[in-house]
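Each remark here refers to the structure printed beneath this line.
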Amino acid sequence: MQSFCFADIGISANDFFKRKPDVDNMAIRLLPSPSPENKSSVKHISPIKLIINYILPIVCAVAVAFYIADVCSYQITVEALIDGVSIGYVESSEPLTSAANKIEAEISDSLGEQYKLDCNITYKVAHAKSPVYLTEAECASILQEIADRDFCEAYMLYVDDIEVAANESYSQLSTLIYNIKSDLLASGGEEFSRVEISNRLSIEKKICKRSYLKTIEEINELINPVTKSHDSEINVAAYSETNNEPEVMRISAFKAFAPSQISESELIDPDIDYGITRIADGTSSNTHDVTLMYELIRNETVNETVYYKTQYIDDFENFIGTEKLIQEGSNGYRTVTYEVRCNSDGEILGKTELEESIITPVVDRIVIVGAKEIPEAVPTGTYIWPCEVTKGISSGYGGRDLYGSYDFHLGIDIPGTDRTAINAADGGEIIWAGFTPSYGYSVRIQHDDNYVTLYAHMEELLVSVGDMVYQGQQIGYMGHTGAAYGTHLHFEVRIGSLTTDPMKYLPALD
């Protein structure tokens, strides 16, 4: 085959491809100009055939070379997808897994409950030319956007510090609570004037899970005792999807690897599990009954008897066991208004007094009781007055004129009132307790050194022969029994069988 060049046909290569082809005169003489003698043997070559026979194979060869070079530059790698949408390439499961765990941990700590990302993370084998791998920070940014979709700003309703549900309207939640109170009051009947909810209710603006959002009607159904079923319970701080299907999250479980270190056949081995499915079922073990507790309140006005009380006043001048009534008690009468609290069944839980009007005042009984420690029942060698002296001494010791005749008085007379307490002038043993025509009811006490004291004309005796008494112990009541004119105590001090003036042994009177 004879070679040729564009110079041989008298044109340049550029001019050749720029020329507009003439279909009717496309024959080009490719050989040297023929001589007249061989003009009949000249051959013409079409430009189309020229391109097909010479140019196209060259272009194809170059294209194949480029394709082979490009294919050889691709790598086997792993592509990460979230909910079926590619987010990029990863060298291993670590960036996504670590970012997901951190975000879930932070949100769980903030919520006070376990939180799971609501997405499906999967991986697939891919070929990529010079792949750029996602960093953990980039994975965290992508996952954070997904997490943000689960939250919104709303008003959370708390019952006893427990999160119940949220709504985007504060005013509607407040109105709901007001309406619930109205429902509860109406359920009690017309006799009740108001209702009080026992639970602590509060509304707080916060960032919360969208699954917490409930309509006002749903919240009313959850907490209103009038409308909800008694066995209704909610899962506090956890709600599942409306279709009750578990949330599924795909998380890589394969060991971290560099794509260049593993073959494609190993990656697509059907017997190798490259990921595990973690179920976030949206349930919580903390199940609470959030039915509101309440009390129905009414006012009640009644007339009442006010019973007197006995007041006891300590007297350290008298011994323990003695008492003296100084005021009798009498009941009073009043009109009183109560605030009555009842449960939902009308049972009274308690009453609170609001106001009263006294009709008859109450008078308390007052008693003075001895508070002085009881001494030992032995003589002290000293003497105290045997009774209260309010009228002085009516008759002293010694000679006296008694109704026109001389008489020797063996003691002293202390006037008083009936049933005035008579006490032992000193401790000792009762050697006489009885009645005689002259002394009436009388008592004699034996003291040390053969001293004896005598107490006569008593109305009642409180001791018996053989009793040991202490100084100041009551032994009877003043009277006027025996040869006596008027109520008084006849008191004697004897040494052996001889009497002596008692005034020498008694303290001086004020």
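With values rounded to the nearest 0.5 angstrom, E459 atom CD is found 11.0 Å from M478 atom CE. Taken from SG in C139 to CG in L134, the straight-line distance is 4.5 Å, to the nearest 0.5 Å. With values rounded to the nearest 0.5 angstrom, E104 atom CD is found 5.0 Å from K116 atom NZ. In this structure, CD in Q114 is found 12.5 Å from CD1 in I107, a value given to the nearest 0.5 Å. To the nearest 0.5 Å, atoms NE2 (H490) and NE2 (H409) are separated by 4.5 Å. Taking CG of L185 as the start and CZ of R194 as the end, the distance is 10.5 Å to the nearest 0.5 Å.
Looking at every heavy atom in both residues, A421 comes nearest to C387 through O-CB, 3.5 Å. When all heavy atoms are compared, the tightest approach of P415 to K391 is CG-CB, 3.7 Å. Residue Y333 comes nearest to E304 through the heavy atom pair CD1-O, 3.3 Å, listed as atom of the first residue, atom of the second, then distance. The heavy-atom pair separating I320 from I374 by the smallest distance is O-CD1, 3.4 Å. The nearest pair of heavy atoms linking L454 to A456 is CD2-CB, 3.8 Å. Closest non-hydrogen pair, Y338 versus R334, comes out as OH-NH2, 3.4 Å.
Taking the side chain as every heavy atom from C-beta outward, E323 and L325 never approach each other to under 4.5 Å. When side chains are defined from C-beta on, L201 counts as touching L292, because their heavy atoms get closer than 4.5 Å. The side-chain heavy atoms of T301 and T335, taken from C-beta on, include a pair separated by under 4.5 Å. Contact of the I412 side chain with the L506 side chain is registered, since non-hydrogen atoms from C-beta on lie closer than 4.5 Å. A 4.5 Å side-chain heavy-atom check between R149 and D118 finds every atom pair outside the cut-off. Side-chain contact between L462 and Y477 is present, with heavy atoms from C-beta onward closer than 4.5 Å. The shortest side-chain heavy-atom distance between I445 and D426 does not fall under the 4.5 Å cut-off. Side-chain contact check for I414 versus P386: some heavy-atom pair is nearer than 4.5 Å.
With a 6.0 Å radius and a threshold of 12 heavy atoms from other residues, nucleotides or ligands, E317 has its CD atom at or below the threshold. Under a cut-off of 6.0 angstrom, the local environment of CD in E388 is sparse, with at most 12 non-hydrogen atoms contributed by other residues, nucleotides or ligands. Counted within 6.0 Å of OH on Y406, heavy atoms from surrounding residues, nucleotides or ligands total more than 12; the atom is thus considered enclosed. Taking a 6.0 Å sphere around CD of E353, one finds it holds more than 12 heavy atoms contributed by other residues, nucleotides or ligands. Y170 OH: 12 or fewer foreign heavy atoms inside a 6.0 Å radius. By the neighbour-count criterion of 12 heavy atoms within 6.0 Å, atom CE of M293 is sparsely surrounded, having that number or fewer from other residues, nucleotides or ligands.
The distance between the ring centers of F491 and Y383 does not fall below 6.0 angstrom.
The side-chain contact (heavy atoms from CB on, under 4.5 Å) test with I216 singles out one residue from L176, T175, N179, and that residue is L176. Of the residues listed (R341, R298, K181), the one engaging E196 in a salt bridge (Lys or Arg N to Asp or Glu O under 4.0 Å) is R341, and it is the only one.
Taking 4.0 Å as the cut-off between side-chain N and carboxylate O, K206 and E163 count as a salt-bridged pair. The pair K214-E221 does not meet the salt-bridge criterion, since no charged nitrogen lies less than 4.0 angstrom from a carboxylate oxygen. Look at E492 and R444 and you find no salt bridge, because none of the NZ, NE, NH1 or NH2 atoms lies under 4.0 Å from a carboxylate O.
Of the N and O atoms on the side chains of N331 and T305, not one donor lies less than 3.5 Å from an acceptor on the other residue. Judged purely by distance below 3.5 Å, without hydrogens or angles, the side chains of Q474 and T322 never pair a donor atom with an acceptor atom.
Within the 3.5 Å criterion, the main-chain N or O of N199 finds no donor-acceptor partner in the side chain of D160. Proximity of a side-chain donor or acceptor of S187 to a complementary backbone N or O of L184 within less than 3.5 Å is detected. Not a single donor-acceptor pair under 3.5 Å links the side chain of N220 to the backbone N or O of N224. Formation of a donor-acceptor pair under 3.5 Å by the H457 side chain with backbone atoms of T481 is found in this model. One N or O on the side chain of Q327 and one on the backbone of D364 form a donor-acceptor pair closer than 3.5 Å. Between the side chain of S108 and the backbone N or O of Y115 there is at least one donor-acceptor pair closer than 3.5 Å. At distances below 3.5 Å, at least one donor-acceptor pair connects side-chain atoms of W385 with backbone N or O atoms of P507. The backbone N or O of A425 sits less than 3.5 Å from a side-chain atom of Y455, completing a donor-acceptor pair. The backbone N or O of E94 lies less than 3.5 Å from no partner atom in the side chain of T97, so there is not a single donor-acceptor pair. Between the side chain of D345 and the backbone N or O of E347 there is no donor-acceptor pair closer than 3.5 Å.
Relative orientation of the Y505 and Y451 rings is perpendicular, given thresholds of 30° and 60° on the angle between their planes. The aromatic rings of Y397 and F408 stand perpendicular to each other, their planes meeting at an angle above 60°, with 30° marking the opposite boundary.
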Side chain to side chain contact (heavy atoms under 4.5 Å, CB included) between I177 and I203, intermediate numbers included: CA-CA 10 Å; I177 294 174; I203 301 173; 4.2 Å; yes
Side chain to side chain contact (heavy atoms under 4.5 Å, CB included) between Q473 and F319, worked out: CA-CA 7 Å; Q473 180 176 336; F319 293 109; 5.8 Å; no
Which is it for S171 and S174 under the side-chain hydrogen bond (donor to acceptor under 3.5 Å, both in side chains) test, yes or no, and what are the steps along the way? CA-CA 5 Å; S171 61; S174 300; over 6 Å; no
How far apart are the C-alpha atoms of D150 and R210, what are their side-chain angles, what is the distance that settles it, and do they pass the salt bridge (Lys or Arg N to Asp or Glu O under 4.0 Å) test? CA-CA 5 Å; D150 291 338; R210 289 189 180 275; over 6 Å; no
Run the side chain to side chain contact (heavy atoms under 4.5 Å, CB included) check on V340 and N299 step by step: do they pass? CA-CA 6 Å; V340 183; N299 290 347; over 6 Å; no
Determine, stepwise, if the pair L96 / L143 fulfils side chain to side chain contact (heavy atoms under 4.5 Å, CB included). CA-CA 8 Å; L96 265 178; L143 293 175; 3.9 Å; yes
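R365 pairs by the salt bridge (Lys or Arg N to Asp or Glu O under 4.0 Å) definition with nothing, not counting sequence neighbours.
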